Amino acid sequence: MPEGHTVHRLARTFAELFAGQVLTVSSPQGRFSAGAALLDGSRLVAARAWGKQMFLGFADPSVERAAGTEGSRADDDLRWLRVHLGLYGAWTFAGDGSSAVVHAIGAPRKRIGERDSVPARPLAALATSDDDWEPPAPRGAVRVRLVGEHAVADLTGPTACEVVSGDEVRAVEARLGPDPIREDPPPAGGPGRFVAAVRRSRTSVGQLLMNQDVVAGVGNIYRAEALFRAGLDPLTPGRDVPAETLRAVWDDLVVLMRDGATTGAIVTTRPGDREPDVGAHPGTPARTGPGRPGVRQNTDGTAGSVPADQAFYVYHRDGLPCRVCGTPVLMKDLAGRKLYWCPTCQR
DNA sequence: TTGGAATGGACAA
DNA sequence: TGTCCCTTCCAAT
């Protein structure tokens with residue numbers, strides 16, 4: 001999936017495209033018809049993320065009339081759409097060209113009509129003016145479609161998609177560990193909670209980093225890359241990792257993940273550790289040859305200039321030489337997910 | 001045409 | 001720990 005940086009980026013995109021607008025909500029696929037009916041015709045007033053969970057807050061029209069004012073809405077006055085993309089969920093956006101909408105955010109695959117270079121104003125050519133813009137027909141199994149004044153958002157393949165109350169939103173958030181991207185760490189303290197949670201467990205630190213109750217938003221790429229950058233053996237029991245090392249991992253995650261949320265792509269390699277001219281000369285094979293397809297990144301096509309095959313130290317690089325020491329990168333299954341690490345740099 | 005694989009997690013045992 | 005679910009894409013038939 002879409003790790004936490006993607007979900008935060010999504011929440012920002014929803015705020016930019018739809019905040020304050022009355023939305024038409026439907027379920028072209030039909031599996032979310034009841035939930036869509038609850039939200040249809042209400043106003044989007046909040047969009048936020050915690051880890052990999054996204055919450056869109058809708059003002060109930062009747063409550064809105066009773067309250068009378070635009071401001072001072074408590075979470076409990078809203079109906080919330082909770083979405084978790086899971087492994088292959090994705091949002092696809094299209095607009096009338098009045099804003100440079102992000103084309104697709106979610107699972108790392110090509111989306112409807114996506115090209116290698118995404119036009120700055122997707123689908124603008126389809127509209128002759130803002131007034132007669134019509135959303136394109138949904139493609140594929142679209143669970144939810146949100147239509148606003150100038151844009152449409154389609155959701156496919158989510159693990160979770162449901163309408164919940166403010167109470168339920170708080171319950172989900174309370175269960176999650178601290179999120180390195182959030183500027184408002186929970187009262188218990190972000191880094192402190194993370195360090196304590198790891199150090200009271202015998203489970204391997206590699207497994208703990210993927211536990212959303214320990215730290216929210218980290219997925220398989222950030223797990224592998226953060227451990228490499230810390231020089232930490234993923235199989236070390238949590239309780240054996242020095243607190244200062246964990247604090248450094250946290251600080252690194254803050255930088256990496258906030259950068260990812262801004263650019264839309266995960267890049268963890270330092271410039272000096274990349275190969276400057278791979279593929280630049282005819283006959284020079286790219287690192288991602290036949291049988292090793294390139295890792296597609298979540299991106300709107302404009303983020304960063306680092307090629308996908310230069311973005312990581314160890315993720316998806318098993319068998320290739322470590323960028324730092326040349327030792328072949330290892331891979332093994334750990335609790336059902338693939339773990340990548342360099343046995344020389346990480347010990 | 002088919003069948004793994006994919007940046008995830010809920011649930012049962 | 002294992003099984004199942006959600007959907008799409010691309011390499012291998």
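Bear in mind that the values here come from a model prediction, so they are computed numbers and not experimental data. In what follows, chains are A, B, ... by sequence order, proteins preceding strands, each numbered from 1.
Looking at DNA chain B, the stems built from 3 or more consecutive Watson-Crick or G-U wobble pairs, each pair with its key distances under 3.5 Å, are B:1-6 with C:7-12, B:8-12 with C:1-5.
B/dA13 and C/dC5 are spaced 15 Å apart, taking the P atom of each and rounding to whole Å. Remark: the separation of the P atoms in B/dG9 and C/dC9 is 22 Å, to the nearest Å.
Residue pairs meeting the salt bridge (Lys or Arg N to Asp or Glu O under 4.0 Å) criterion with at least one member in residues 249-272 of chain A, sequence neighbours excluded: A/Glu183-A/Arg258, A/Arg229-A/Asp252, A/Arg247-A/Asp251.
Using a 4.0 Å heavy-atom distance criterion, A/Glu225 is classed as making no nucleic acid contact.
Distances shorter than 4.0 Å separate some side-chain N or O of A/His84 from OP1 or OP2 on B/dG9. Note on A/Arg175: every side-chain N or O is 4.0 Å or more away from OP1 and OP2 of B/dG9. Distances shown here put a side-chain N or O of A/Arg143 below 4.0 Å from the OP1 or OP2 atom of C/dT7. Between B/dA5 and A/Lys338, no contact under 4.0 Å exists linking OP1 or OP2 to a side-chain N or O.
Here C/dC9 presents its P atom at 10 Å from CZ of A/Arg139, a figure rounded to the nearest Å. A/Gln207 has its CD atom 13 Å from the P atom of B/dG9, to the nearest Å. Between the CZ atom of A/Arg223 and the P atom of B/dA6 there is a distance of 13 Å, given to the nearest Å. Here B/dA10 presents its C1' atom at 16 Å from CG of A/Leu85, a figure rounded to the nearest Å. In this structure, the CD atom of A/Gln53 is 13 Å from the P atom of B/dG8, given to the nearest Å. Between the NE2 atom of A/His316 and the P atom of B/dG4 there is a distance of 17 Å, rounded to whole Å. Between A/Glu3 atom CD and B/dG8 atom P there is a gap of 5 Å when expressed in whole angstrom units. When rounded to the nearest whole Å, the span between CD1 of A/Ile266 and P of B/dA6 equals 15 Å.
For the side-chain hydrogen bond (donor to acceptor under 3.5 Å, both in side chains) test with A/Gln53, the passing option among A/Arg82, A/Arg48, A/Gln212, A/Glu173 is A/Arg82; the others fail. Partner A/Val198 forms a side-chain contact (heavy atoms from CB on, under 4.5 Å) with one of A/Thr245, A/Val205, A/Val249, A/Thr203 and no other, that one being A/Val205.
Note on A/Trp250: it clusters hydrophobically with A/Met257, by side-chain heavy-atom contacts below 4.5 Å among ILVMFWY residues. By the criterion of side-chain heavy atoms lying less than 4.5 angstrom apart, applied directly or through intervening Ile, Leu, Val, Met, Phe, Trp or Tyr residues, A/Ile266 is grouped together with A/Val218 in one hydrophobic cluster.
A cation-pi contact, defined as under 6.0 Å to the ring centre and within 45° of the axis, is absent between A/Arg347 and A/Trp341.
Listed by residue number, there are no residues of residues 198-205 of chain A with a heavy-atom contact under 4.0 Å to DNA chain B.
Between A/Leu330 and A/Tyr340 there is no side-chain heavy-atom pair separated by less than 4.5 Å.
Shortest non-hydrogen contact noted between A/Tyr313 and A/Val329 is O-CG2, 4.4 Å.
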Stepwise side chain to side chain contact (heavy atoms under 4.5 Å, CB included) check, A/Arg170 with A/Asp76
CA-CA 10 Å; A/Arg170 280 191 295 276; A/Asp76 291 317; 3.0 Å; yes
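Considering CZ of A/Arg145 and CG of A/Leu23, their distance stands at 12.5 Å, rounded to 0.5 Å.
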